[in-house]
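Since the model is a prediction, treat every value here as computed from it, not as a measurement. In this chain, residues are counted from 1 in sequence order.
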Amino acid sequence: MKTDSATFSKLLDDFFTAYYKRRPVNATFVGMHELDHRLPDFSEASVTDTIDEMKSLLDRLEAQPEEGLTPAQSLDRKLAAGYLRTQLWEFQSDHFYRGNPCLYTGEAVFGVISLFLTDFAPLGERVDAAIDRMHAIPALLKQGQANVIKSPQAWIEHAIEECDGALNFFSHGIDQLVVEHEIADRRFKAAALIASDAFKSFKDYLESELCQHATQNYGCGGEAFELMMRSGHFVELDLDAYVRYADGQITEAEAYLDAHAGDFGAASSVEALAQLANYHPTVDTYYQRFGELWQACRKLSEEKKLVTWPEFPIEYVPQPLWARKAAPYLYFLPYRSPAAFNRPAVHRYLVPPIDAGMQVEKQEQMLRSVNDSVIKSNHVIHHGSIGHHVQNWNAYRSASRIGQMAATDCASRLAMFCAGTMAEGWAVYVGDLMAEAGFLTPLEEYAEHQSRRRMSARAVVDIKLHRGEFTLEQAADYYQKRGGMNADFAMREAIKNSMFPGAAMMYLFGSDRIKQFRKEMTAAMSDSFDLCQFHDTFLSYGSVPVELICEDMKRKLDDAE
């Protein structure tokens with residue numbers, strides 16, 4: 001039995017209609033703006049309808065034979081079904097809407113922030129949408145209060161922080177928006193007061209009531225974690241073996257760091273890595289340094305013919321004034337992926353701010369923190385250029401409809417889990433690629449071994465925490481001892497890992513799989529292997545699991561022989 005391509009296309013239309021309807025803040029970030037006036041609905045009736053809707057869609061997808069579909073449709077059929085399976089677990093577990101107050105704080109505040117990150121529509125339209133969303137915040141937070149009657153202690157504390165960030169945004173941030181954009185609509189500030197009152201109430205609930213019912217249940221469980229692997233990353237892993245592998249990678253990285261610290265006149269790796277902070281721009285050259293290194297990255301990539309570089313303009317600009325008091329408390333990203341649809345002509349990369357009015361000590365601290373190595377590796381390679389930005393450009397042109405939008409950064413995570421091994425795997429892989437090309441200094445290349453140490457530690461923690469083999473405190477301790485993280489960063493990383501099972505290990509798995517597959521294809525194609533063509537083809541699939549891309553590219557190569 002064959003499936004008519006048009007029939008499946010209609011089914012996928014229904015899948016996306018349901019996706020955006022139930023996730024209107026995600027829709028805004030993706031660039032689908034019909035629902036910009038709404039926030040999610042987690043009422044009992046809505047959750048029941050959502051679960052029934054997902055079950056129905058999954059049944060319809062599984063009933064559709066693969067024969068007759070285009071290759072992209074066949075891929076989307078797998079991804080949509082996998083996404084629904086993971087979402088059904090989320091909606092029927094205590095790990096998300098019934099257990100995590102951060103789900104509510106994040107959706108509420110970013111429902112409004114998302115409307116002002118880009119100029120996707122006339123200001124008046126976005127202000128109207130913001131007013132409606134601010135009016136809807138009390139209902140959403142009341143749903144959170146009704147649904148979340150117990151929660152892990154650290155999640156409660158994180159939600160309290162997000163309330164503080166939201167309160168800063170709905171006071172100082174809104175005032176700045178009014179000034180910067182000359183917003184004369186009095187309803188805007190009045191709605192912000194309503195939102196502020198709702199966040200104050202929710203914060204009071206978290207501090208006075210929910211804290212009395214705090215738990216230490218941070219893991220999702222082994223069965224759910226394996227579901228994420230199978231239906232999200234589309235891999236079958238021996239998790240015990242993978243923990244041993246990742247732990248071994250840490251040992252290798254540590255050995256290299258210890259053995260080569262003396263190359264930089266240092267007695268230890270800590271002392272050697274600390275030298276990176278000495279190489280940084282001045283206050284006057286700080287902002288332009290981002291653009292300079294971006295241009296240098298592109299130039300070298302094109303000279304070495306690493307990948308076809310798209311015309312996808314990006315502009316490094318200071319973080320807006322309206323965001324500065326709120327951002328430290330929120331999931332406020334410097335590089336938030338451009339919307340898959342309705343993109344602005346130039347994407348703004350929101351650089352951590354510095355100015356001449358800061359105290360000299362704070363300026364020096366900032367410059368040493370955001371040094372040349374951090375700008376080059378994080379803000380340029382990983383995010384703003386050959387990493388996420390180039391990968392996103394390719395994704396938006398992929399034949400897979402899910403691959404086009406799955407890696408969009410939303411309120412607290414990617415639009416779809418299945419994008420992770422590609423989006424993050426590629427961004428890590430190109431760090432090694434640019435090191436191969438000679439873009440990094442010897443000290444910066446040395447620091448890549450510390451990055452791999454941390455990335456491998458994340459894989460270990462992800463698996464062991466969610467299978468109940470680590471407590472949160474043990475995870476943070478592992479990060480300090482084996483990942484080389486300081487205590488505060490280690491705990492924050494462990495908390496983030498606990499909220500999103502399977503998301504921390506995708507960096508190591510994704511990047512390793514791309515490197516391994518490149519070697520396989522190099523050996524199989526011999527003299528006909530072309531690195532740029534390999535990368536372009538790999539990226540053309542969009543933001544989908546790397547394992548599925550490897551399988552399809554290998555199949556096509558075998559068919560051609």
request  = May I ask you to check whether over 12 heavy atoms, not counting those of Gln533, lie within 6.0 Å of atom CD?
outcome  = no

ask   = If only atom types and distance count, is the side chain of Thr421 paired as donor or acceptor with the main-chain N or O of Val546 below 3.5 Å?
value = yes

ask   = Salt bridge or not for Arg452 and Asp512, using N-O below 4.0 Å?
value = yes

key: His535/Tyr429 aromatic ring centres below 6.0 Å   = yes

query = So, the side chain of Ser526 versus the backbone of Ala523: is there a donor-acceptor pair under 3.5 Å, distance only?
reply = no

key: From CG (Leu75) to CZ (Phe234), nearest 0.5 Å   = 8.0 Å

inquiry  = So that I know where these two stand, are His383 and His389 an aromatic pair - ring centroids less than 6.0 Å apart?
reply    = no

query = Donor-acceptor pair, Glu445 side chain versus Pro442 backbone, under 3.5 Å?
reply = no

query = Is any NZ, NE, NH1 or NH2 atom of the basic residue among Glu311 and Arg298 found under 4.0 Å from an Asp or Glu carboxylate oxygen of the other?
reply = yes

query = Are the charged groups of Arg458 and Glu493 less than 4.0 angstrom apart, N to O?
reply = yes

request  = Run the ring-centre check on Phe470 versus Tyr478 and record whether the distance is less than 6.0 Å.
outcome  = yes

query = Do His233 and Phe417 have ring centroids that are under 6.0 Å from one another?
reply = yes

